[in-house]
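Have a look at the structure below, then the notes.
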Amino acid sequence: MARHLITSAIPYINGIKHLGNLIGSQLPADLFARYMRARGHEVLFLCATDEHGTPAELAAAKAGKQVAEYCAEMHAVQAEIARGFRLSFDHFGRSSSPQNHALTQHFAGRLDDAGLINEISEKQVYSHADGRFLPDRYIEGTCPNCGYDKARGDQCENCTKQLDPTDLIDPRSAVSGSTDLEVRETKHLYLRQSELKDQLDAWIDSKSDWPVLTTSIAKKWLHDGDGLRDRGITRDLDWGIPVRKGTEDWPGMEGKVFYVWFDAPIEYIACAGEWAAANGLSDADWQRWWRTDMGASDVRYTQFMGKDNVPFHTLSFPATLIGSGEPWKMVDHLKSFNYLNYDGGQFSTSQGRGIFMDQALELLPADYWRWWLLSHAPESSDAEFTWENFQSSVNKDLADVLGNFISRITKFCRSKFGEVVPGGGAYGPEETAVIADVAERCARYGALMEAMEVRKSAQELRAIWVSGNEYLQSVAPWTTFKSDPDKAAMQTRLGLNLAHLYAVLSAPFLPDASAAILKSLQVDEAVWPEDMNEFLSQLKPDQAFVVPEVLFAKVTDEDREAWQARFSGVRQS
RNA sequence: GGCGUUAUAGCUCAGUUGGUUAGAGCGAACGACUCAUAAUCGUUAGGUCCCUGGUUCAAGUCCAGGUAACGCCA
């Protein structure tokens, strides 16, 4: 038994995520976690909401709420939707947790002790009316380039020109509208990542089994231009983790908080602490996952993320861990995904384009989405969601190949032998052949799952479903029954055992359908097949079962057209 | 403008370190079956592997140049 620590990139608190976000990290991470648990490994699967930063403040203000209140509500909403998609987090934490406050401050202190923090004075805009410094995005004014009067201090949305707040004509606060602004000196902390460049470089070089996409992005950041740049890790905001040096005050940094990119990845660790606290466990219980001096040296740590997050996971976060000089568990394998596009363009949270997680669940149960998304995961390049493709994949794979198999075998059995597993002698040569075929495919499926080859795993799983249909078609128990009912009984028994196999193998992809099949076969516990001969004889003669409800109803043309129309524009609410 | 990724059957995609007749699923045509959600199974037809040049006994695969789409940065 191995120990697997699995984290998914943590979704930002600001609103409900779309299907592109889901397949970019949380869903494949869940697939991997479920598979590893099914194989009997010890798994800790963590995710959380990323709650700090300017967008959260803006969204809260727009909703007319305090930031803390807004974040608490949105965390509950996201947690509920995650449950809806059957994401099996051991804990769904919050980057605003007390654990993350303490740990982030701890890391900052350690980094400072190691001489890896610089204090730098810079000029920033202060708003007298708001009584605070304003981040670039909080300042609005007229774009000097195109004359657009709602340009932001970082960029003009109209002409896309990058700006400095001081470029704006008639600048005003986006918070209060006040024009009583002043440029002031303010001090910020910088993490001297450049000092750690060689260590990071060597560490990345040691990861020969990482995908090209991952290492090429990391190498580019390390070597392009001036190389790895030092980065500011503090901000003049109210909402966030107060800047402290461990448990001590940080002179000159009063009223400032850590920048979101610094504290968000630390939440991966803090989340384990939240998990322990929520389950009445001790510090040692989470530290054995994260501290190599406390038992984590045999942990295999895998991170899942979209490609836009790769630099943070390969450079910034490792810089924090290495720089601390403490024995923290570093990532072993890093699986990154490209983007999922929607009908010819990008999914977009800010523009409300595409299908959002809550809307998806209103249309169809989780298994449909899980199957389509995973079997079309954007692994080697960007992938495309179209309603036609979704309809045909889901109907063919789930309704016709898997669903219909379960239906035909259970109903055939009921009509000829009743709702019990029939006897009728031992398996013959045809059965031996199918069992061998399925065993071989199952081994391949396991290897692909182990390697996190998501699409190929889905293909192999589907091929295993097809084997059942092939078998039934070739031995035709409905024909056999006329001349040799005993033989037909035996063939039907294997068919039912195959249904059991499909329930177990499909569980990581289709947890609900899997549970439904097991329930109808009256199997209490799903156990992964080790010996296929043995497994496919587990359902014994005279064992009762119940014909299940239709597992997957088809998506009709009318459904598809209606949904296509409904999701053609941008989200209204 | 710079950089990156991609380009293979009507569609969605596989093609390991260059090695016989380039594969799968869907869709199409034909056939089989009738247990089943008009489901299933089989057979067949579809490809100048974006273009040009190069390296090699041998290139979808490596190199150079070009074209197109997308993305990131300026």
Side-chain angles (χ1 to χ4, degrees), chain A residues 20 155 160-163 211-221 223-226 229 306-311 336-342 344-348 371-373 375-417 422 434 441 444 447-448 451 453-463 465-482 488-489 491-492 495-496 499 513 547-556:
Chain A
Q155 185 180 34
T160 74
K161 188 177 171 56
Q162 306 279 317
L163 301 170
V212 189
L213 179 68
T214 304
T215 43
S216 70
I217 292 174
K219 285 287 179 179
K220 178 170 145 59
W221 280 58
H223 298 295
D224 264 21
D226 306 332
R229 309 253 298 264
K307 62 181 169 186
D308 51 327
N309 264 322
V310 169
S336 60
F337 289 84
N338 291 283
Y339 293 140
L340 179 67
N341 292 321
Y342 178 74
Q346 287 188 9
F347 274 90
S348 167
W371 176 253
W372 190 88
L373 290 167
S375 63
H376 293 79
E379 289 180 294
S380 57
S381 63
D382 291 356
E384 170 98 358
F385 178 93
T386 65
W387 286 102
E388 287 82 1
N389 186 308
F390 177 74
Q391 181 192 24
S392 71
S393 294
V394 153
N395 284 353
K396 192 73 193 170
D397 299 345
L398 298 183
D400 294 348
V401 176
L402 175 62
N404 181 54
F405 176 82
I406 303 299
S407 179
R408 70 193 294 205
I409 189 62
T410 51
K411 286 182 181 168
F412 176 75
C413 184
R414 179 174 62 186
S415 74
K416 305 298 183 200
F417 308 103
V434 194
R441 288 189 179 283
R444 223 167 14 228
L448 290 168
E453 292 278 0
V454 177
R455 273 181 183 229
K456 289 179 182 171
S457 299
Q459 259 176 39
E460 197 59 53
L461 178 59
R462 194 195 122 104
W465 298 339
V466 168
S467 303
N469 282 314
E470 279 172 7
Y471 169 73
L472 286 187
Q473 206 64 33
S474 72
V475 300
W478 46 92
T479 306
T480 317
F481 184 77
K482 293 170 190 163
Q491 293 166 339
T492 304
L496 290 169
V547 172
E549 299 293 312
V550 166
L551 283 176
F552 297 102
K554 290 199 189 187
V555 173
T556 64

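Values reported hereafter were calculated over all heavy atoms of this structure, with side chains retained and with hydrogens, waters and symmetry mates removed. To find a chain, count down the sequence lines: A is the first, B the second, and so on, and within it residues start at 1.
Atoms CD1 (A:I406) and C1' (B:A39) sit 14 Å apart, rounded to a whole Å. Counting to the nearest Å, the P atom of B:C11 and the CD atom of A:E388 are 14 Å from each other. Following rounding to the nearest Å, A:E379 (CD) and B:G15 (C1') show an atom-to-atom distance of 15 Å. Atom CZ in A:R444 sits roughly 13 Å away from atom C1' in B:A14 (whole-Å rounding). Taking atom CZ of A:F385 as the reference point, atom P of B:U12 lies 14 Å away to the nearest angstrom. A straight line from CG of A:L340 to C1' of B:C70 spans 14 Å, rounded to a whole angstrom. Between A:N338 atom CG and B:C13 atom C1' the separation is 14 Å, expressed in whole Å.
At least one donor-acceptor pair closer than 3.5 Å links the side chain of A:T480 to the backbone N or O of A:V475. A donor-acceptor contact shorter than 3.5 Å is absent between the side chain of A:S407 and the backbone of A:G403. Judged by distance alone, the side chain of A:S393 and the main-chain N or O of A:F390 form no donor-acceptor pair under 3.5 Å. A:E460 places no side-chain N or O within donor-acceptor distance of the main-chain N or O of A:L448, the cut-off being under 3.5 Å.
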Whether each nucleotide of nucleotides 23-31 of chain B has a protein heavy atom under 4.0 Å at its base (B), only at its sugar-phosphate (S) or at neither (-) is summarised, 5' to 3', as --SS-----
Treat primed atoms plus P, OP1 and OP2 as sugar-phosphate and everything else as base, then score nucleotides 33-38 of chain B 5' to 3': B for base contact with protein heavy atoms under 4.0 Å, S for sugar-phosphate contact only, - for none. SSBBB-
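Distance check on atom P: B:A24 versus B:A14 gives 16 Å, rounded to whole Å. Taking the P atom of each, B:G31 and B:A7 are spaced 38 Å apart, rounded to whole Å. Comparing B:U12 with B:U55, their C1' atoms sit 34 Å apart, to the nearest whole Å. Comparing the C1' positions of B:U52 and B:C72 gives an interatomic distance of 29 Å, to the nearest angstrom. Atom name C1', nucleotides B:U37 and B:G15: the rounded distance is 35 Å, in whole Å. Between B:C50 and B:U61, the two C1' atoms lie 15 Å apart (nearest whole Å). Look at the C1' atom in both B:A58 and B:G18: the space between them is 8 Å, to the nearest Å. Look at the P atom in both B:A59 and B:G54: the space between them is 12 Å, to the nearest Å.
Looking only at side-chain heavy atoms (C-beta outward), A:N341 and A:P378 stay at 4.5 Å or farther from each other. Contact of the A:W478 side chain with the A:R408 side chain is registered, since non-hydrogen atoms from C-beta on lie closer than 4.5 Å.
Base orientation for B:G46: syn, the chi torsion being within 90° of 0.
A distance of 9.5 Å separates CH2 of A:W371 from NE2 of A:H376, quoted to the nearest 0.5 Å. With rounding to the nearest 0.5 angstrom, the CZ atom of A:F417 is 5.0 Å from the CZ atom of A:F481. Summarising the geometry, atom CD belonging to A:Q459 is positioned 10.5 Å from atom CZ belonging to A:R441; distances are rounded to the nearest 0.5 Å. One finds the CZ atom of A:R444 at 12.0 Å from the NZ atom of A:K456 (value rounded to the nearest 0.5 Å).
Nucleotide B:G27 forms no Watson-Crick or G-U wobble pair with any nucleotide shown, as no partner meets the under 3.5 Å limit on both distances. With both pairing distances under 3.5 Å, B:C62 is matched to B:G54 as a Watson-Crick or G-U wobble pair. B:A32: Watson-Crick or G-U partner is B:U40, with both key distances under 3.5 Å. Taking a pair to require two hydrogen-bonding distances under 3.5 Å in either a Watson-Crick or a G-U wobble arrangement, B:U16 remains unpaired. Checking B:U5 for Watson-Crick or G-U wobble geometry (two distances, each under 3.5 Å) identifies B:A69 as its partner.
Looking at which nucleotide of RNA chain B each of A:A383 and A:E470 is closest to, the 5′-most match is held by A:A383.
A side-chain contact (heavy atoms from CB on, under 4.5 Å) with A:F552 is found for exactly one of A:V394, A:V401, A:L398, A:N395, namely A:L398.
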